[in-house]
Amino acid sequence: MLATARSRIRRSVPLILAAVVVAVIILVNLLPGQETDDRPLSPGNPAPQGARAVAEVLAAEGVEVVRADSFDDAVEELGDGPATLFLNDARQYLSATQVADLVDAADRAVLAAPGPRQLTALEEDFEVLGPLPLDLGDPPPLAAECPDTDATAAGTLSATGTAYSGAVECFPTTVGDATGGLFVTSEDGAVAVLGAPSILSNGSVTDDGNAALALRALGSAPTLVWYEPTGADIVSSGEGIDPRTLLPPWVDPLLVWLLACTILAMVWRGRRLGPLAAEPLPVVVRAAETAEGRARLYQDSRSVAHAAANLRAATLSRMARRLRVDRSASPVDVLEAMSRHSGRTRTELQQRLLDHTPTTPRELVLWAQELLDLEKEIPS
């Protein structure tokens with residue numbers, strides 16, 4: 001029993017280690033850490049993917065940058081006076097109705113790469129054309145080529161993102177057979193869709209005309225309401241929100257890691273010795289091969305006691321046939337017959353053959369040799 005338990009524990013070591021690693025990852029993510037703003041395009045994030053530089057420049061120019069913590073706070077802040085809304089809903093938590101309500105409450109709304117579902121309730125006709133083709137190098141700057149004053153002041157835009165179609169299409173680009181722009185506005189400019197929100201990041205805002213477009217688009221009113229929705233802003237609207245957006249950001253790397261571990265486990269445990277060989281039936285297997293196969297199974301499972309029991313039973317069976325002992329005779333009767341035909345007493349034979357059971361592979365080998373020597377002492 002102890003050897004079997006040890007064998008099972010050894011086989012379970014990889015699974016135990018994997019479970020410990022997963023538990024540590026989950027625990028690290030659940031523990032409260034330092035309150036740092038690391039969200040992309042967040043006005044408080046000083047990292048390259050943050051937008052703190054734009055927020056501070058706007059504040060220095062006299063624009064009050066207000067961060068809204070919820071949908072209700074955003075609507076309330078927009079209703080207090082002339083204000084511009086910057087909606088950065090990268091995970092598309094808000095419904096189309098919520099986006100339309102925010103746009104109606106703002107004097108001007110700039111939407112950062114909204115999804116097609118979020119544009120359906122707007123009075124303006126915007127349409128998502130799709131992401132720009134992947135460019136492994138630096139994307140070439142795009143010229144404004146539109147009458148919008150903010151885009152014209154920027155001149156060129158150096159970024160990639162999603163193309164949209166609308167009333168005024170700036171920085172035109174082609175996606176498939178359709179033509180759209182990375183900065184699209186309504187006829188009066190009250191609603192703007194920014195398909196390349198990365199121009200606001202600290203690492204890209206200084207490229208080409210990115211800063212000019214960002215500051216002019218977001219700084220047209222005394223107040224800028226910067227709103228980044230969270231899962232708490234989701235309402236039951238029946239519009240089919242993607243459930244993957246509700247998962248924390250560390251889930252995707254964890255799933256990739258688990259997939260890699262699964263593939264490695266399949267490669268490790270899925271080894272094959274070679275292609276299957278077709279063989280006519282019935283198959284004749286030599287007795288020596290069968291015995292060797294069973295011996296290897298006992299060795300791999302460390303079943304010393306089970307192997308000893310088989311050796312004991314085989315020895316008693318051979319001795320019973322050799323000494324003409326009845327098949328129904330007990331092991332003690334076989335030992336009596338062995339004692340009469342050898343120089344050993346029945347007590348000695350019982351201690352050696354019945355009472356002693358080896359516990360290690362080395363003891364098993366020595367004991368098997370003793371049984372063989374004992375059989376040689378008894379004449380046929």
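We're numbering straight along the sequence, starting at 1. Keep in mind that this is a model prediction, so the values were computed, not measured.
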*Return yes when atom CG of Asp125 has more than 12 non-hydrogen atoms of other residues, nucleotides or ligands closer than 6.0 Å, and no otherwise.*
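At most 12 heavy atoms, drawn from other residues, nucleotides or ligands, come within 6.0 Å of this atom.
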_Residue Glu123 excluded, over 12 heavy atoms near CD under 6.0 Å_ =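 Atom CD in Glu123 is not crowded, with 12 or fewer foreign heavy atoms closer than 6.0 Å.
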*Check step by step if side-chain hydrogen bond (donor to acceptor under 3.5 Å, both in side chains) holds for Thr347 and Gln351.*
CA-CA 6 Å; Thr347 302; Gln351 290 177 348; over 6 Å; no
*Taking it one step at a time, do Asp107 and Thr84 satisfy side-chain contact (heavy atoms from CB on, under 4.5 Å)?*
CA-CA 6 Å; Asp107 291 272; Thr84 298; 5.8 Å; no
*Can you hop from Val334 to Leu354 via hydrophobic side chains spaced under 4.5 Å?*
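Yes, Val334 and Leu354 fall within the same hydrophobic cluster.
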_ILVMFWY network linking Leu372 to Leu374, side-chain heavy atoms under 4.5 angstrom_ =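 Each belongs to a different hydrophobic cluster.
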Where do [X] and [Y] come nearest, in terms of heavy atoms and distance?
{"X": "Leu364", "Y": "Ala307", "result": "CD2-CB, 4.0 Å"}
{"X": "His356", "Y": "Arg312", "result": "O-NH2, 3.0 Å"}
{"X": "Asn210", "Y": "Ser204", "result": "ND2-O, 2.8 Å"}
{"X": "Val325", "Y": "Ala337", "result": "CG2-CB, 3.8 Å"}

*Apply side-chain hydrogen bond (donor to acceptor under 3.5 Å, both in side chains) to Arg321 and Ser317, showing your working.*
CA-CA 6 Å; Arg321 288 196 303 270; Ser317 178; 3.0 Å; yes
Rounded to the nearest 0.5 Å, how far does [atom2] of [Y] lie from [atom1] of [X]?
{"X": "Met319", "Y": "Ser342", "atom1": "CE", "atom2": "OG", "value": "10.0 Å"}
{"X": "Met338", "Y": "Leu316", "atom1": "CE", "atom2": "CG", "value": "7.0 Å"}
{"X": "Asp150", "Y": "Leu215", "atom1": "CG", "atom2": "CG", "value": "10.5 Å"}
{"X": "Glu375", "Y": "Glu370", "atom1": "CD", "atom2": "CD", "value": "13.0 Å"}
{"X": "Thr357", "Y": "His306", "atom1": "OG1", "atom2": "NE2", "value": "13.0 Å"}
{"X": "Leu224", "Y": "Leu85", "atom1": "CG", "atom2": "CG", "value": "8.0 Å"}

Check: [X]/[Y] side-chain N/O donor and acceptor closer than 3.5 Å:
{"X": "Asn202", "Y": "Gln49", "value": "no"}
{"X": "Ser303", "Y": "Ser301", "value": "yes"}
{"X": "Tyr298", "Y": "Asn310", "value": "yes"}
{"X": "Arg216", "Y": "Ser220", "value": "no"}

*asked:* Taking the basic N atoms (NZ, or NE/NH1/NH2) and the acidic carboxylate oxygens, is any pair closer than 4.0 Å for Glu348 and Arg352?
replied: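 No, no charged N to carboxylate O under 4.0 Å.
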*Indicate the ring-plane relationship of Phe86 and Trp226, choosing parallel, tilted or perpendicular according to the 30° and 60° boundaries.*
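Because their plane-to-plane angle is over 60°, the rings of Phe86 and Trp226 count as perpendicular.
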Which donor-acceptor pairs under 3.5 Å do the side chains of residues 157-175 make with protein atoms, sequence neighbours left out?
unit_1, atom_1, unit_2, atom_2, d
Ser158, OG, Asp208, OD2, 3.3
Tyr164, OH, Pro114, O, 2.7
Glu169, OE2, Gly166, N, 3.2

Listing, residues 63-70 side-chain donor-acceptor contacts under 3.5 Å, not counting sequence neighbours, or none:
unit_1, atom_1, unit_2, atom_2, d
Arg67, NH1, Asp37, OD2, 2.9
Arg67, NH2, Asp37, OD2, 3.4
Arg67, NH2, Ser42, OG, 3.0
Arg67, NH2, Glu228, OE1, 3.1
Ser70, OG, Asp73, N, 3.3
Ser70, OG, Asp73, OD2, 3.2

